[in-house]
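Just so you know, ligand 1 is whichever comes first in the structure, and atom 1 is the first atom listed for that ligand. Residue numbers start at 1 and run along the sequence shown. This structure is a prediction, so every number in the text was calculated from the model and none was measured.
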Amino acid sequence: MPNEEAKIATDEEIATAAEVILRAHYPIALTGAGMSVESGIPPFRGPGGLWTKYGEPPMNQFQRFMENPKKAWEERMSRQNDELFKPLKVAKPNPGHTALAELEAMGILRFVITQNVDDLHRQAGQKALAEIHGNWKLMRCLDCTSRFGSEEISLEVLPPKCPKCGGMVKNDTVSFGEPIPTDVLLRCQDHSARADLVIVAGTSATVYPAAGFAIEVKQRGGVLVEVNLYESEITAYCNVSLRGGSANVLPRLTKAISERRRAKLS
Ligand SMILES: [Zn+2]
């Protein structure tokens, strides 16, 4: 709980986690808002949250989009310079993002499922990545699920049309009431079915379907390694709990894994 004095994982605990990860055949990671917060992006809910300040989107946001996509696009474009987008525009990957990308480059981490829309895993160089709630910088065709950068789509006529199939284009961030895009969901299912370990970082993993991927691996006999400031609902499922922020713990973990692996190879 936020009032509890923050503990930081000891080197011994980090070493234990490193050993466990090195023994796994197919480690993946599940990340959430805690990692964004450490890059200066406020959470959506709670005191100081973006939605607390600027209003929560309506629960039928996707339905509204589908009813009048032109109006939804016009509203979205008129809000581009809102304070709401400022933290996303200036945020940079933190050492936690970089550590996960390094773990992937080392051939250890196979896949990252993130609930964050902030683009920071990509900016850190993560290649095998599923952004389960979309990416705020991208647009997506609702028909063929192709993703586009802002420079690839003309916004002269709204709603914009997909250059590939002519389908309707929406912002990629998954709206309230919108199903998770099937291509992302299938990739998550594919990798979590192969996974025997999940690093759960910066999330209490209570939001489905993301939480389900970690729980499912655990139920199959897999291992959960938690990296979070505080205990949460997922803690009871975790084999190893590392307290502390991702920006502190993940670089230490990656370093410990790298050193151990080198020692074993030599
Ligand atoms: Zn398309």
Salt bridge flag under 4.0 Å for residues Arg110 and Glu104: no
Any sub-3.5 Å donor-acceptor pair from Asn116's side-chain atoms to Ala33's backbone N or O? yes
Protein N, O or S atoms under 2.8 Å from the Zn ion (ligand 1): 4
Given the rule that I, L, V, M, F, W and Y join up when any side-chain heavy atoms are under 4.5 Å apart, are Ile8 and Ile199 in one cluster? no
Salt bridge flag under 4.0 Å for residues Glu216 and Arg220: yes
Ignoring hydrogens and angles, tell me if any N or O in the side chain of Ser192 forms a donor-acceptor pair with the backbone of Cys188 under 3.5 Å. yes
For the pair Arg147 (side chain) and Thr145 (backbone), establish whether a donor and an acceptor sit closer than 3.5 Å, ignoring hydrogens and angles. yes
